[in-house]
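Chain A is the first sequence line, chain B the second, and so forth, proteins listed ahead of strands; every chain is numbered from 1.
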Amino acid sequence: MKHLKGIKLRHRKNTEDFSTIDFPLPSKIILPMSMHMGVPCTPLVKVGDCVRVGEKIGDCEAPFSVPIHSSVSGKVTAISDYRNAVGAVCKAVEIETDGKQEIYENIAPPVITDRGSFIKAVRECGVCGLGGAGFPTHIKLNPKNEIDTLIINAAECEPYITSDYREMLENTNDILSGIEFIKNILGIKNVKIAVEGNKPKAIEIFEELTKHDNDVEIHTLPSVYPQGAEKVIIYNTTGRIVKEGTIPAEVGVIVINVSTVGFIYRYSQTGMPFITRRITVDGNAVKESKNIFAPVGTPIVDILNFCKTDIDSLKAVISGGPMMGMCIPDINMPISKTTNALLAFNKYDDRKTSACIRCGRCADVCPFNLVPAEIDKAYKIRDVEDLLALKVNLCMNCGSCTYVCPANRKLAETNQLAKTILPKM
Amino acid sequence: MNRLIVSPSPHDENYTKTSDIMLNVCIALLPALIAGCIFFGIRAAVVTAVCVISAVVSEYICRRLMKRDNTIKDLSAVVTGIILAFNLPVSIPLWMAALGSFIAIVVVKQLFGGLGQNFANPAVTARIALMVSFPTAMTNWVLPFEWKNGADAITGATPLVLRDMTPEKLAEINQEIPSCLDLFLGNTGGCIGETSALALLLGGLYLIARKIINPAAPAAFIGSLALISLIAGENPLYEILAGGVFLGAFFMITDYATTPITTKGKIVFGIGCGIITFVIRHYASLPEGVSFSILLMNILTPYIEHHTRPKVFGAKEAVKNEK
């Protein structure tokens, strides 16, 4: 089958053989009310309140949002304005831990009988897409259209990150049970577990465990970035094209991250909401690279110290992968639900940008056939008509164009800037 | 603690720089330079050196006067200098070679905005300017290995002129129509760097292997020229091996700035060059048409590019906005 274009990256999965270890309880956590895509939550607690592990501390009426739960037991010490890495401001609840880790009394496995109660339970558990984008999972699992294929996104195409990979090795049965669970409740016929070819061990395990299951297919994706992007993974596994302005459900597909599936199964068994997550900690400033389980809201600096990072030499800290992750402006910020990796570097490429030589490498690598060099030119003169014709609105910001540019032009960034001057549809 | 750097993604580094690309082009040009020195003597290297030095100096001074960043480190001026030298006869007065570099770098490249902004190929345009200004000096073709005779070196006609001559005329000037093998090796009269198809092919294959150039354009150019010659009853092998076809195909129509970005566009560009080259060679008063074909197609590049934009994945069909 024909695949979309992309780039070969150095995988640098240095932590792939590191089993996940529990992160020691931090002395305080900070829970921003917006860790997902959608409407931020309103705090349900006041300063001075005592909260326990799994207690809901933030929620909102809007359907396109997910509630937030405390990952520790302790006392609320502050509720203040918080500016996240993208620059948006929301409230954040600061909780000082008491070390007891008492479990909230109302924690019990959800009663799931049909699709309606399932979707409600998924919303209540506070889970959102764990691959990085943080799309509310209960919205994704409740489409209006007929779905015939469930794609489990196990591509993990970014360099360094191995948190999904460790989930696949350490919680294989949770994932398979979760798939079975979702498939039965939503009545989906086919399941494709899409794994990038650089994870042969995971592919082997999945194949072994699903060999008697005719509905589940293991699909090996080429080791070409960005396989994990939704439209790319759908095309490369099913050949279906998600057209401009439509969603995957309209071609009968739901794509869900592999760790999200594993979590949904565990939640269905224990009732414990989404409060801890697996994080890969790596980068050249980190002396002891690790995969850790950390409470959501743990300050980044605590994690960096735990992994013996040379804080004084830090130049850049990235939440997520090096291709699409975000720079962290302050290491006192907490990890969020969508932080799948923390990368700390003591070097950062400070090469100057030079003139475009029109080599066309950006166009050669764009999975969607955009021509970033042309967009760059059109944006410079604010030619909105040409930007629309060049379809800059379809750019997914995978960063491949910037990565290959010999003149070090920030093409992906320009694409995002160009989107902001397009007329609102 | 240091302040952290915050910048948009991606954060990963890629090690191919503009100067790496240009350096690779220089390396790819070396076989042809060596071939030029073998056939036309050490003066071939001298002319090349003069072109390169004057190109770099022109670029440096020009950027200084325009108060812009110094760009000589990107090596693009070196590439332009070498390619220009390859388009000159070995006997050219050195000041003319330097003037050519000045035209290429200052007039054609920097006045239009520098690297990547020029619409015409600098070396090709400079060659045409010199040819129009100094027709005699620019068509004084020293024959291969004549450099051993010093000042008495015999000059002669180029293969494209020879093939149209009657046997009597050939006897009169004491030259023969060269064999295709001689053309392939470069054992014939012509510009410094254009005669040896073998050396140029080696360089071209190197650039293709290093993924610096896309083979579409050279293949379209050479292929279309051969095909038209075949249809027109000419010898296609002679047609593609004689003159500047290989130099143009691998090093001039693969110039990033002046040819379309898209692969489809590159093919259209190559075919256009093939057609125009053939038409000029056979129906115009000039014996050689590669330079003019490239210049003409350079002008068409923005239009070709606009009409060969690839279809964006998943894009809705554009609605024409009639005003």
Using the side-chain hydrogen bond (donor to acceptor under 3.5 Å, both in side chains) definition, which of the options Thr80(B), Asn70(B), Thr71(B) pairs with Glu59(B)?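 With Glu59(B) as partner, Thr80(B), Asn70(B), Thr71(B) yield a single side-chain hydrogen bond (donor to acceptor under 3.5 Å, both in side chains), made by Thr71(B).
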Options Ser7(B), Pro10(B), Gly116(B), ranked by heavy-atom pairs under 4.5 Å with chain A, top entry: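 Looking at each of Ser7(B), Pro10(B), Gly116(B) in turn, Pro10(B) comes out on top.
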Between Thr263(B), Asp20(B), Asp74(B), Leu115(B), who has the most heavy-atom pairs with chain A when the cutoff is under 4.5 Å?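 Looking at each option in turn, the highest pair count goes to Leu115(B).
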State whether the number of non-hydrogen atoms from other residues, nucleotides or ligands found under 6.0 Å of Arg210(B) atom CZ is greater than 12.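 No - once you tally the heavy atoms of other residues, nucleotides and ligands closer than 6.0 Å, there are 12 at most.
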Side chain / backbone / both / neither for Ser76(B) at chain A, heavy atoms under 4.5 Å: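 Neither part, no heavy atoms under 4.5 Å.
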For Ile212(B), which atoms come within 4.5 Å of any heavy atom of chain A: side chain, backbone, both, or neither?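 For Ile212(B), heavy atoms of backbone and side chain both lie under 4.5 Å from chain A.
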Largest heavy-atom contact set with chain B, pairs under 4.5 Å, which of [options]:
{"options": "Gly320(A), Ala373(A), Pro329(A), Gly245(A)", "answer": "Pro329(A)"}
{"options": "Gly360(A), Cys359(A), Ala389(A)", "answer": "Cys359(A)"}
{"options": "Lys231(A), Arg361(A), Arg358(A)", "answer": "Arg358(A)"}
{"options": "Thr246(A), Ile328(A), Asp330(A)", "answer": "Ile328(A)"}
{"options": "Leu394(A), Thr402(A), Ile318(A), Val371(A)", "answer": "Ile318(A)"}

Heavy-atom distance under 4.5 Å between the side chains of [X] and [Y], does that happen here?
{"X": "Asn24(B)", "Y": "Ile21(B)", "value": "no"}
{"X": "Met22(B)", "Y": "Val79(B)", "value": "yes"}
{"X": "Cys398(A)", "Y": "Tyr225(A)", "value": "yes"}

Do the side-chain N and O atoms of Asn87(B) and Glu194(B) include a donor-acceptor pair separated by under 3.5 angstrom?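 On atom types as modelled, these side chains do not qualify, holding no pair under 3.5 Å.
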Can you tell which part of [X] gets under 4.5 Å to a heavy atom of chain B, answering side chain, backbone, both or neither?
{"X": "Cys405(A)", "answer": "backbone"}
{"X": "Lys243(A)", "answer": "both"}
{"X": "Val242(A)", "answer": "backbone"}
{"X": "Glu374(A)", "answer": "side chain"}
{"X": "Met326(A)", "answer": "backbone"}
{"X": "Ile357(A)", "answer": "both"}
{"X": "Leu390(A)", "answer": "both"}
{"X": "Cys356(A)", "answer": "backbone"}
{"X": "Ala316(A)", "answer": "both"}

Salt bridge check, Arg409(A) against Asp376(A): does any charged N sit closer than 4.0 Å to a carboxylate O?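 A salt bridge is present here (some side-chain N lies under 4.0 Å from a carboxylate O).
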Ring-ring centroid check Phe119(B) Tyr303(B), cutoff 6.0 Å: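 Distance test on ring centres: not under 6.0 Å, no.
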Rounded distance (nearest 0.5 Å) linking atom CD1 of Ile72(B) with atom CD1 of Ile105(B):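 Here the interatomic distance stands at 11.0 Å.
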Nearest-0.5 Å distance, CG of residue Asn118(B) to CG of residue Leu111(B):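 Answer rounded to 0.5 Å: 11.0 Å.
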Does the ring-ring contact (aromatic ring centres under 6.0 Å, His included) test come out yes or no for Phe86(B) and Phe250(B), once each step is laid out? CA-CA 13 Å; Phe86(B) 281 14; Phe250(B) 289 110; over 10 Å; no
